[in-house]
Amino acid sequence: MNRTLFVYIFNKQLKSILFVAFAVFSLISLFEFAEVSRKFPMTSWSEIFLVIKLSLLRGPVTFCEILHYIYFITATFSLWDLCRSHQVTIMKSAGKSPQQILFPFIAFSVVVASIWLFVMHPSGIYAENLYKRNTEHSDISSYEQNRDIWIDYGLDNKLIFIKSLNQNQIGNFYLFDQSKNEKIIAESGEISQNTVFLSNVTVLSQVGLKTYANLQLKDSISPKLVQLLSVSPLRQTIYNLYKIYQIQKQDHVNIRLYEFAFHKLLANGVSFILFALVAAIICFPINRYKTKTNLAIKVISFSLLLRFANSMMESFSYTGLIPVTLSAWAVTLVLVLISISALIWKEA
């Protein structure tokens, strides 16, 4: 691989994504400023600066959610520009294979994915937490509530379902003990260390139905598991989620939503590579002379298709129809394999 060619294509993508990313982040900050200004008065300069600060703290999380598509746009139009100016044809004439031309795009996608996974996403979560600490609005706390948690104690034949969990406060607790043929239902509760304190409890067993004002359940719930459950999967970072299997092994549990969140983060990182491959399919060699409008339609269509497919697989995962690992990786890996196959076929 010619180093000059690699540096040229790499720098071309870097300039494009920085320009588009800055424009999009500015637009996001503008919308966040309008949203935050509706909740806080601006009667003095200090309050105006506070609103600006809060809008900038909310922007990074939203930006991280759409960075994949920002990269897709920049990669597609960078490659299309090379094809439109016949530089790809010149490179092929000079003996460069399609794989050599595409390699800088794949390398750049790996770099962007690593920065997103280990720097930008954790920083966005940190900024969101700072925003929470500076506000006391009820919509933020409800957004942070952890909902629909399934904890499967496979070895003990017990299944716990928690409708909502805000820090360590439980709302609607259900325990299904198959070994004892017993069901425990509580309206509210609290988790502390390895003890669950329940209120307004109904116990249904072979003996009959009993009600209790309060009930304590002592179990092998480790402090690490409680700490993990205190934060919603959506607000977890790769640095917290990589410990998920260690905690599951230690507590003999299966925490479906957190395992899904971990694999989804990794799959999102791989999706940067997917977008580089799809950009190559769209741009060369057959479609290189298509108009920019046609190109934009293809980019938007594929982005919407991927968004819909990921949402559908996520729904299947939450309902337990398919394993979380399969639901997180299936769409991305299948599209990667299809993209590689399509590129080989078109270049054959």
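Here the side chain of Asn268 pairs a donor or acceptor atom with the backbone of Lys264 at under 3.5 angstrom. Between the side chain of Ser55 and the main chain of Ile52, a donor-acceptor pair closer than 3.5 Å is present. Side-chain N or O atoms of Tyr239 include one that pairs as donor or acceptor with a backbone N or O of Phe118 at under 3.5 Å. A donor-acceptor contact shorter than 3.5 Å is absent between the side chain of Asp81 and the backbone of Phe77.
Evaluation of the ring-ring contact (aromatic ring centres under 6.0 Å, His included) rule for Phe262 yields no partner, not counting sequence neighbours. With sequence neighbours excluded, the residues forming a salt bridge (Lys or Arg N to Asp or Glu O under 4.0 Å) with Glu32 are Arg58, listed by chain and number. Residues passing the side chain to side chain contact (heavy atoms under 4.5 Å, CB included) test with Tyr174, sequence neighbours excluded: Phe161, Asn172, Phe176, Ile185. Every residue two or more places apart in sequence or in another chain that forms a side chain to side chain contact (heavy atoms under 4.5 Å, CB included) with Ser26 is listed here: Phe22. Partners of Glu182 by side chain to side chain contact (heavy atoms under 4.5 Å, CB included), not counting sequence neighbours, listed by chain and number: Asp177, Lys180, Ile184, Val203, Ser205. Among residues two or more places apart in sequence or in another chain, the salt bridge (Lys or Arg N to Asp or Glu O under 4.0 Å) test is passed with Glu35 by Arg38. Applying the salt bridge (Lys or Arg N to Asp or Glu O under 4.0 Å) criterion to Lys163, with sequence neighbours excluded, gives Asp148. Every residue two or more places apart in sequence or in another chain was checked for a ring-ring contact (aromatic ring centres under 6.0 Å, His included) with Tyr258, and none qualifies.
Closest heavy-atom contact between Ile244 and Glu259: CG1-N, 4.2 Å. Shortest non-hydrogen contact noted between Ala330 and Met313 is CB-CE, 3.7 Å. In this structure, Tyr71 and Ala276 approach most closely via the heavy-atom pair OH-CB, 3.4 Å. The two residues Ala280 and Leu79 make their nearest non-hydrogen contact at CA-CD2, 3.3 Å.
Atom CD1 of Ile48 and atom OG of Ser37 lie 10.5 Å apart (nearest 0.5 Å). Atom-to-atom distance recorded for Ser303:OG and Phe72:CZ is 5.0 Å, nearest 0.5 angstrom. Gln13 contributes atom CD, which lies 8.5 Å from atom CG of Leu82 (distance to the nearest 0.5 angstrom). One distance of note links CD1 of Ile160 with CG of Leu175; it measures 5.0 Å at 0.5 Å rounding.
Remark: aromatic rings of Phe275 and Tyr69 are close, center separation under 6.0 Å.
Counting Ile, Leu, Val, Met, Phe, Trp and Tyr side chains that sit under 4.5 Å apart, directly or through other members, Leu27 shares a hydrophobic cluster with Phe31. Leu337 belongs to no multi-residue hydrophobic cluster, having no ILVMFWY side-chain contact under 4.5 Å with any other such residue. If you chain together ILVMFWY residues whose side-chain heavy atoms come under 4.5 Å of each other, Ile338 ends up grouped with Val334. If you chain together ILVMFWY residues whose side-chain heavy atoms come under 4.5 Å of each other, Ile125 ends up in a group of its own.
By the 4.5 Å heavy-atom criterion applied to side chains, Val110 and Phe272 are not counted as neighbours. Side-chain contact between Phe105 and Ser78 is present, with heavy atoms from C-beta onward closer than 4.5 Å.
Side-chain heavy atoms closer than 4.5 Å link hydrophobic residues (I, L, V, M, F, W, Y) into clusters, and following such links, possibly through other members, connects Ile115 to Leu265. Linking Ile, Leu, Val, Met, Phe, Trp and Tyr whenever their side-chain heavy atoms come within less than 4.5 Å puts Trp116 and Phe19 in one cluster.
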